[in-house]
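Have a look at the structure below before the remarks.
Residue numbers start from 1 in every chain, and the chains themselves are labelled A, B, ... in the order their sequence lines are given, proteins ahead of strands.
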Protein chains: 2
Amino acid sequence: MDRPRGRPREAVLDAERITDAAYAVLRREGARGLTMRAIAARLGVAPSAIYHHLPFRAAVLAAVQERFAAGLDTSGFGTLPLREALSRWAWSYLRRLREHPELVQVIVEVPLAQTPHTSLMYQRVIAGFAAAGWPEESIIASMSVLETYIFGAALDSPSPDDVYAPRSSAQEPLLARTYAAFAASVDDQGERPRDALFRLGVESILTGLYSVWGSGRGWATAQPPRGTGE
Amino acid sequence: MDRPRGRPREAVLDAERITDAAYAVLRREGARGLTMRAIAARLGVAPSAIYHHLPFRAAVLAAVQERFAAGLDTSGFGTLPLREALSRWAWSYLRRLREHPELVQVIVEVPLAQTPHTSLMYQRVIAGFAAAGWPEESIIASMSVLETYIFGAALDSPSPDDVYAPRSSAQEPLLARTYAAFAASVDDQGERPRDALFRLGVESILTGLYSVWGSGRGWATAQPPRGTGE
DNA sequence: ACCTGAACACCGTTCAAGT
DNA sequence: ACCTGAACACCGTTCAAGT
């Protein structure tokens, strides 16, 4: 800002410091506030200075997302039974996305890429499947199904807990009744609805995957609903 | 454009026509090109004219998304066995999101709201569960788990088919081997990887849900992995 | 009430000018 | 090579002025 006009004797920026600033801005201002100008302001630098280190905004987002992937909990793989390790991984994944729902939009904009930390994370998960004896052709697909569900669950994070709550019970009695029954049974256990849903989702998926691959039928199990038009 | 300055004798716009234009712009230009100015240009109108009918851009997106929900295939509920009806609904959901991946970002920005068509769609799905005799407290949750997975799958739509493909097989032999095994087994059936994944996901989830609720254990089935740190 | 046109307060990105 | 500062081509939204 009050820096002289030419090149500084020592570099003020690098990709690391830009990522730090971006992460801080993201936490403070949300995804919409994560602008090049805001990052620059936090670094005490002109916006254009960032472009000497990262070529465009998407590269900044990718760096943020790479840092996110590094923080996921893969400690269960190799130390716990696979099913519990997967569950722990899934919950840590969701928890981190929920702490910073802004990250979801970032990841949607810049899908998880082939960055070192991300690759390392996948490798650990895959090693967990392999060590548990899963057939090689089932591993990538099973991991992907679970991860896909986690992303979907994270999408709901910014929205309120009662998206399915009907607005007028008079007009939609069935929706009202089933919603009330759901809410009551969740409340009985003192669990938040979205946690109950995620728990059901993860456990259903794991149960389903174990059933599909454990039955020996594998890819043949799941037949698409073709033949019944549109 | 070449309209005189005052109020026209007959209204030029309404919410319907704005939604038409927005949908057209979305198809042609993608989510990033869906600007108020582009919509206005398509309507031959000043950007500010839109604000007389819809209060902000998010309202335009909500209208687009409402139209999307109206097009989903719920024809299976009441005519097919539940499992096939759910599968048909899921595939039509995904297919429509894939045709217009831009819609995913719109729906992420403006989560599916309590609009008439959306509510109607949910009611039909719920009625399908109810008619099949599912316990009332299981219906909303089961529908939600499936829908969450669909959204997650739709998120992947804009990205290439080979996100998990390793870049260097030398450094990551396990990743490379499992990916090759997955690709080969999918290729054997002449199926696209993302279709195979979605099929596995939907079938695993349905299998899992039937197992959880069919076993009579219900909410008690799925216990979270508490007690194990982090 | 419903349109235009100008304006406000923003964006991401580029680039000449400086050291 | 690495910074500043000005500029370009955009945004969403507001609002006085017109009929």
Side-chain angles (χ1 to χ4, degrees), chain A residues 1-26 28-65 102 105-106 108-110, chain B residues 1-26 28-65 102 105-106 108-110:
Chain A
M1 286 323 207
D2 47 346
R3 218 184 322 278
R5 234 174 169 262
R7 174 190 189 193
R9 299 192 351 282
E10 197 170 356
V12 184
L13 296 180
D14 56 28
E16 194 79 12
R17 265 176 282 199
I18 293 170
T19 310
D20 290 342
Y23 223 101
V25 171
L26 184 64
R28 232 169 273 250
E29 314 288 343
R32 291 193 61 144
L34 184 52
T35 66
M36 299 300 270
R37 281 168 165 89
I39 298 168
R42 198 180 169 80
L43 291 163
V45 124
S48 53
I50 297 173
Y51 292 87
H52 289 281
H53 301 89
L54 294 167
F56 26 65
R57 183 170 176 270
V60 178
L61 301 190
V64 167
Q65 166 241 89
E102 320 83 37
Q105 264 169 287
V106 171
V108 172
E109 271 187 72
V110 186
Chain B
M1 288 322 205
D2 46 344
R3 220 185 320 278
R5 237 175 168 263
R7 173 190 189 190
R9 300 194 349 285
E10 198 169 354
V12 183
L13 296 180
D14 56 28
E16 194 78 13
R17 264 176 284 196
I18 294 169
T19 310
D20 291 343
Y23 223 102
V25 171
L26 184 64
R28 232 168 273 247
E29 313 289 342
R32 290 194 64 145
L34 184 51
T35 67
M36 299 300 268
R37 282 169 164 87
I39 298 168
R42 200 180 167 80
L43 291 162
V45 124
S48 52
I50 296 172
Y51 292 86
H52 289 281
H53 304 273
L54 294 168
F56 25 67
R57 183 170 176 271
V60 178
L61 301 190
V64 167
Q65 167 241 89
E102 320 84 37
Q105 263 169 289
V106 172
V108 172
E109 271 189 71
V110 186

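Minimum heavy-atom separation, B:Ile18 to B:His53: CD1-CB, 3.7 Å. Closest of all the heavy-atom pairs between B:Leu34 and B:Ala22 is CD1-O, 3.5 Å. For A:Ala46 against A:Ala40, the heavy-atom pair with the smallest separation is C-CB, 3.9 Å. Among all heavy-atom pairs drawn from B:Leu54 and B:Ala15, the shortest one is CD2-CB, 4.3 Å.
Of the residues in residues 7-15 of chain A, A:Arg7, A:Pro8, A:Ala11, A:Val12, A:Leu13 come within less than 4.0 Å of DNA chain D through at least one heavy atom, sorted by number. Heavy-atom distances under 4.0 Å link DNA chain C to B:Ser48, B:Ala49, B:His52, B:His53 of residues 47-55 of chain B, given in residue order.
Scored by the salt bridge (Lys or Arg N to Asp or Glu O under 4.0 Å) test, A:Arg17 finds A:Asp14 as partners (sequence neighbours excluded). Every residue two or more places apart in sequence or in another chain that forms a side-chain contact (heavy atoms from CB on, under 4.5 Å) with B:Phe56 is listed here: B:Ala58, B:Ala59. The side-chain contact (heavy atoms from CB on, under 4.5 Å) search around B:Ala21 returns B:Ile39, B:Arg42, B:Leu43, not counting sequence neighbours. Scored by the side-chain contact (heavy atoms from CB on, under 4.5 Å) test, A:Ala63 finds A:Thr19 as partners (sequence neighbours excluded). Among residues two or more places apart in sequence or in another chain, the salt bridge (Lys or Arg N to Asp or Glu O under 4.0 Å) test is passed with A:Arg37 by none.
Of the side-chain N and O atoms in B:Arg3, one or more sit less than 4.0 angstrom from OP1 or OP2 of C:dT4.
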Take B:Val60 and B:Met36 through the test side-chain contact (heavy atoms from CB on, under 4.5 Å) and record every step on the way to the result. CA-CA 9 Å; B:Val60 178; B:Met36 299 300 268; 4.3 Å; yes
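Summarising the geometry, atom CZ belonging to A:Arg57 is positioned 11.0 Å from atom CD1 belonging to A:Ile50; distances are rounded to the nearest 0.5 Å. If you take OH on B:Tyr23 and CZ on B:Arg28, they are separated by 14.0 Å, rounding to the nearest 0.5 Å.
When rounded to the nearest whole Å, the span between CD1 of B:Ile39 and C1' of D:dG12 equals 11 Å. Computed from coordinates, the B:Arg17 CZ to C:dC2 P distance equals 12 Å when rounded to whole Å. Between the CZ atom of A:Arg5 and the P atom of C:dG18 there is a distance of 6 Å, rounded to whole Å. Rounded to whole Å, atom P of D:dC2 lies 15 Å from atom CG of A:Leu43.
With pairs defined as Watson-Crick or G-U wobble and both atom distances under 3.5 Å, the stems of at least three pairs that touch DNA chain C come out as C:4-8 with D:12-16, C:12-16 with D:4-8.
Judged by distance alone, the side chain of A:Arg3 and the main-chain N or O of A:Gly44 form a donor-acceptor pair under 3.5 Å.
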Filtered N/O pairs between nucleotides 9-11 of chain D and protein, under 3.5 Å:
residue	atom	partner	partner atom	Å
D:dC11	N4	B:Arg37	NH2	3.4

